[in-house]
J.: 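I'd like to ask you about the structure that follows.
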Amino acid sequence: MDLPFLNELNESQRRAVEYTDGASLVIAGAGSGKTRVLTYKIAYLLKTGMAPSSILALTFTNKAAREMKERIAGMVGEKTARYLWMGTFHSVFSRILRSEAERIGYSKNFTIYDSADSKSLVKSIIKELKLDDKIYKHGFVQSRISYAKNNLITPDAYLANTDLIKADNASRVPLMNNIYKIYCTRCKQADAMDFDDLLLQTNVLFRNNPDILQKYQNLFGYILVDEYQDTNFAQYLIVKKLAEQHEKICVVGDDAQSIYSFRGANIDNILTFKNTYQNAQIFKLEQNYRSTKTIVNAANSLIDKNAQQIRKTVFSEKETGKPIKVLSVFTDFEEGFIVANNISDLRFANFRYQDIAVLYRTNSQSRVMEEALRKQGIPYRIYGGLSFYQRKEIKDVIAYCRLVCNPNDEEALKRIINYPARGIGETTVNKVIECSQLHAVSAWEVLTDMLKYNLAVNAGTANKLAQFRSMIDVFAEQVTTQNAYDMANSIVKTTGVIADTYTDHSPESMSRQENVQELLKAIHEFCETKQADGEPTALLPDFLSEVSLLTDQDTDKETDKDKVTLMTVHSAKGLEFRAVFIVGMEEELFPSPFCTQSERELEEERRLFYVAITRAEELCFISFAKSRFKNGKTNFSNPSRFIKDIDLQFLDMPVEAKPKQARIGDWDDDMERERNRFQSSFSKPFIRENSLPVAPKRMVKLSNTDGDKIPTENSSIPAGAFVKHNIFGIGKVLETSMVNGNEKAEIDFGEKGVKSLLLKFAKLEVLK
DNA sequence: GTAAGAAAAATTTTT
DNA sequence: TTTTTCTTAC
């Protein structure tokens, strides 16, 4: 068949597009036209007669899905494109789960718990079990649960898994399995699924209902998966099952850009694709169309340091371009300033703001950058961080909506049962939940019949609870008939949420009002769009199911046109900019200190840096600061080890104001000198005004962290030293010892007595 | 039960 | 620095 658009592809791209006989894996180097292959392949399938509704295309982000859909619409027309099954794993399968919900014991309107809901639930379970939250940290527990779900390990399977149980015992969290079990029960009682459930329950649905599996196997004549290197086991299995019959499947990915293992992504899925699909064809896309030779080669030299990878030769035929400029600055503030200056300079080199991005490892780094850009009047837009739907007032309104659509939603109930304040306090809420657990029902169920469940509250409280319940009941009755906007509108009015946000005229209060209005507007638009599409009345549950999987990245506004982009490296994946600034390239930040334990994690961080560099088309800047303000105090840092992984020939190194020019190998020495200089000036004796001359003193961080090389911060207290404690005052150290790896000191506080303190916890100031 | 204020803790990446 | 938890006074 002669399809002219195929001529826009190179040889390997074209072969990847045209192969539709069976399974295929496209290994796509950075910038090699991966999305192009996917979109053209879908267009090709459509042009060769496949119905849009039988094509399933799974992406990683909503944004990727939307953009691809637009591009396809441009090629085959909007009317055809709209019937494609295209979206993220989570959104596509939540849609399927909703329509088949009854088959796995959920209702059609099940709630989707976001990570905040999960966190809150985990925390309350830990509390209810009376466990020490210093040992059972919610973050750790959450990641364990998530790990289990992503690997399709149910609570029962967890208990039967000796490796997991052993690991938990070794980490001194033997009750992890209990927490997990209760967590699942509670989600079920609340008729709620968390993000991981959307994948886990899809597997359950397919496993327990062969007829449904078959229905979707037949429906999807061709399956495409983007970013396959980031799929986890649950996703892998869903895809495998759906493709089982015909193996009409094409996955695209780049092992060098696998950066989501913390979310369960398993790089083996792509590395061993051929084992799953034995007749699979493999196509390699190696020509990079995005970046200059220098950038491609610099990135290659970096990723070359990773042991785990599919070797490939990514090359560029564009011009050589400029070397990557490395910027060395003293503080994070200066870093912002320098970056802003460079951005201003780029404007004279024919760069628009929208051609430029600033990438960082953590969202918290955005603040300083924002300030610097604002000061210089540079427009920017920021991705991530606190999204619209995570703001308090929005979550409150959404919680009401959630509860109305699904009264069993415990997290929503907890959130608003006393907002605005109606005299139902913590004690009461705890009683209700305790009671609900006793009878294995949802909290709402208890409220519907307090007598039956013997809820032990006094008459006044019972009355308040009953009032609250009937208020929600009234809304719940209307939810299937009223449209979403009218519902939401009367909810915010009747419940007093509006009144609460209108209490004063402070800027904060005004902005909260605006946000609530903004949300109502969004719901209104949602209803209108549905109506324009000729669909029946848009109900509140419909809106909720759309909104729960949206993130801020999904709101691209017109006003965001010509602005510098600020985002984390993770969210930059898949994007490209003419100029890219990678800031905060320091040890303890990038690589993240949480990821330096194992070589595997370290390699992932290196891939992350690889992703960052390969976003750049023409110019790339890398900066590191010698000191950075973090968690309320200034920390010192060394340049990231990853900078040394890039071949020097591609770098434009900073010239330090030193007798000799800094070379890579000298950095550590230089930093050492720099630090010593700073510290000697810092620790100079000083005399406080209107007080007796006191001995110079300095704060000493006493935790014995190993990575810390700063001498003053690492020293423990010698016996005989004098220390000051916030409560006990001044004392003399009698002796120090090690207890379970923690340093303990016996300190004589005079009349307050001799105390034995763990240095890890006690805030001590050493007097010298 | 509430509100305010103090103290302590926690800081990665995202659907 | 920001967020959460604890304390205290009404």
Side-chain angles (χ1 to χ4, degrees), chain A residues 58-65 87-94 112-116 118-120 123 127 133-134 137-140 142-143 146 149-150 193-199 227 230-232 234-235 258-265 332 359-368 383-387 389-390 392 418-430 457-458 460-461 464 548-554 567-573 584 588-596 601 604-605 607-609 611-612 628-635 726-727 761-763:
Chain A
L58 297 166
T59 63
F60 199 64
T61 62
N62 294 307
K63 197 170 162 197
T88 63
F89 273 91
H90 291 85
S91 70
V92 166
F93 294 111
S94 73
I112 296 174
Y113 274 179
D114 66 13
S115 11
S118 306
K119 176 175 152 191
S120 156
K123 276 177 126 179
K127 212 168 194 175
D133 59 6
K134 302 247 166 23
K137 301 208 171 176
H138 65 260
F140 179 57
Q142 259 184 295
S143 67
S146 179
K149 289 192 175 184
N150 287 153
M193 294 199 199
D194 65 12
F195 287 142
D196 300 322
D197 274 329
L198 295 175
L199 306 173
E227 310 279 16
D230 286 326
T231 52
N232 59 35
Q235 291 164 322
S258 163
I259 55 173
Y260 281 101
S261 75
F262 71 92
R263 229 172 67 190
D332 43 353
L359 308 182
Y360 34 77
R361 176 69 240 262
T362 66
N363 274 309
S364 57
Q365 289 165 258
S366 69
R367 187 181 302 274
V368 200
Y383 281 95
L386 233 230
S387 86
Y389 290 101
Q390 285 169 2
K392 187 196 169 292
N418 197 31
Y419 173 80
R422 50 175 73 87
I424 304 174
E426 207 190 315
T427 334
T428 310
V429 174
N430 285 340
V457 290
N458 61 43
T461 310
K464 288 173 189 162
S548 51
L549 291 170
L550 278 190
T551 59
D552 224 21
Q553 325 223 347
D554 304 318
M567 55 167 59
T568 62
V569 182
H570 279 89
S571 44
K573 193 170 70 157
E588 313 284 303
L589 186 60
F590 201 164
S592 159
F594 298 96
C595 303
T596 46
E601 289 172 303
E604 175 150 322
E605 291 285 300
R607 289 195 293 268
L608 190 56
F609 188 30
V611 168
R628 183 172 295 275
F629 199 67
K630 200 174 163 189
N631 302 334
K633 56 174 184 258
T634 305
N635 291 32
N726 276 351
I727 298 158
F761 298 118
K763 249 196 184 165

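Labels below follow one simple rule: chain letters A, B, ... track the order of the sequence lines, proteins then strands, and each chain is numbered from 1.
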J.: Starting from P on B/dT13, measure out to CG on A/Asp230 and report it in whole angstrom.
T.: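 Atom CG in A/Asp230 sits about 16 Å away from atom P in B/dT13.
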J.: Give the rounded distance in Å between these two atoms: CD of A/Glu426 and C1' of B/dT2.
T.: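 Taking CD of A/Glu426 and C1' of B/dT2, I get 12 Å after rounding.
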J.: Does the structure show a Watson-Crick or G-U wobble partner for C/dT3, both distances under 3.5 Å? Name it, or say none.
T.: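 Pair assignment: C/dT3 / B/dA8.
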J.: Which value, rounded to the nearest 0.5 Å, describes the distance between A/Tyr383 atom OH and A/Leu359 atom CG?
T.: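 Going from the OH atom of A/Tyr383 to the CG atom of A/Leu359 covers 12.0 Å.
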J.: Rounded to whole Å, please give me the gap between NZ in A/Lys633 and P in B/dT11.
T.: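 Rounding to the nearest Å, NZ of A/Lys633 and P of B/dT11 are 14 Å apart.
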J.: Check whether any side-chain nitrogen or oxygen of A/Thr568 sits under 4.0 Å from OP1 or OP2 of B/dT14, and answer yes or no.
T.: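 Yes.
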J.: Taking the inter-plane angle between the rings of A/Phe60 and A/Tyr260 on a 0 to 90° scale, is it parallel (under 30°), tilted (30 to 60°) or perpendicular (over 60°)?
T.: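 Judged by the thresholds at 30° and 60°, the geometry between A/Phe60 and A/Tyr260 is tilted.
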J.: To the nearest 0.5 Å, tell me how far A/Glu227 CD sits from A/Lys573 NZ.
T.: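 With rounding to 0.5 Å, CD (A/Glu227) is 3.5 Å from NZ (A/Lys573).
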J.: Ignoring backbone atoms, establish whether A/Asn631 has a side-chain N or O less than 4.0 Å from OP1 or OP2 of C/dT3.
T.: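 For C/dT3, neither OP1 nor OP2 has a side-chain N or O of A/Asn631 closer than 4.0 Å.
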J.: Look at the side-chain N and O atoms of A/Thr427 and state whether any lies under 4.0 Å from the OP1 or OP2 oxygen of B/dG1.
T.: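 Looking at the OP1 and OP2 atoms of B/dG1, one of them is under 4.0 Å from a side-chain N or O of A/Thr427.
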J.: I want to confirm an ordering. Mapping A/Gly139 and A/His90 to their closest nucleotides on DNA chain B, which one lands closer to the 5' end?
T.: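 Looking at the nearest nucleotide for each, A/Gly139 comes out on the 5' side.
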J.: Between C/dT4 and B/dT13, how many Å separate the two C1' atoms, rounded to a whole number?
T.: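 The answer is 23 Å between these two C1' atoms.
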J.: Is the phosphate of B/dT15 approached by A/Lys63 (side-chain N or O, under 4.0 Å from OP1 or OP2)?
T.: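 Answer is no, no contact under 4.0 Å.
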J.: Does A/Ser571 have a side-chain nitrogen or oxygen under 4.0 Å from the phosphate oxygens OP1 or OP2 of B/dT14?
T.: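 For B/dT14, OP1 or OP2 has a side-chain N or O of A/Ser571 closer than 4.0 Å.
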J.: Looking only at the side chains, is there a donor atom on one of A/Ser366 and A/Asn363 sitting less than 3.5 Å from an acceptor on the other?
T.: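 Side-chain D/A pair, A/Ser366 to A/Asn363: absent.
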J.: So, OP1 or OP2 of B/dT13: does either fall under 4.0 Å of a side-chain N or O from A/Asn363?
T.: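 So the side chain of A/Asn363 is within the cut-off, an N or O lying under 4.0 Å from OP1 or OP2 of B/dT13.
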J.: Would you say the side chain of A/Arg361 and the base of B/dT13 hold a donor-acceptor pair, judged only by whether the two atoms sit under 3.5 Å apart?
T.: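 For A/Arg361, whose side chain was compared with the base of B/dT13, there is a donor-acceptor pair (under 3.5 Å).
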J.: Among C/dT5, B/dT2, B/dA10, which is the nearest nucleotide to the side chain of A/Lys123?
T.: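 Side chain of A/Lys123 sits closest to C/dT5.
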J.: Hey, which of these two, A/Lys630 or A/Asp196, hits DNA chain B nearer its 5' end, going by closest nucleotide?
T.: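 Result: A/Lys630.
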J.: Under 5.5 Å between ring centres and under 30° between planes: does that hold for A/Phe629 against the base of C/dT1?
T.: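 No, A/Phe629 does not stack on the base of C/dT1.
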J.: Are OP1 or OP2 of B/dT14 and a side-chain N or O of A/Asn62 less than 4.0 angstrom apart?
T.: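 For B/dT14, neither OP1 nor OP2 has a side-chain N or O of A/Asn62 closer than 4.0 Å.
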J.: To the nearest angstrom, how far is A/Gln142 atom CD from B/dT15 atom C1'?
T.: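 Interatomic distance, CD of A/Gln142 to C1' of B/dT15: 14 Å.
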J.: How long is the line joining CZ of A/Arg422 and C1' of B/dT2, in whole Å?
T.: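 Between C1' of B/dT2 and CZ of A/Arg422: 15 Å.
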J.: I need the A/Phe594 CZ to A/Glu588 CD distance, nearest 0.5 Å.
T.: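 That separation rounds to 10.5 Å.
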J.: Determine the interatomic distance between C1' on B/dT12 and the same-named atom on C/dT5; round to the nearest Å.
T.: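 The same atom, C1', in both gives a distance of 24 Å.
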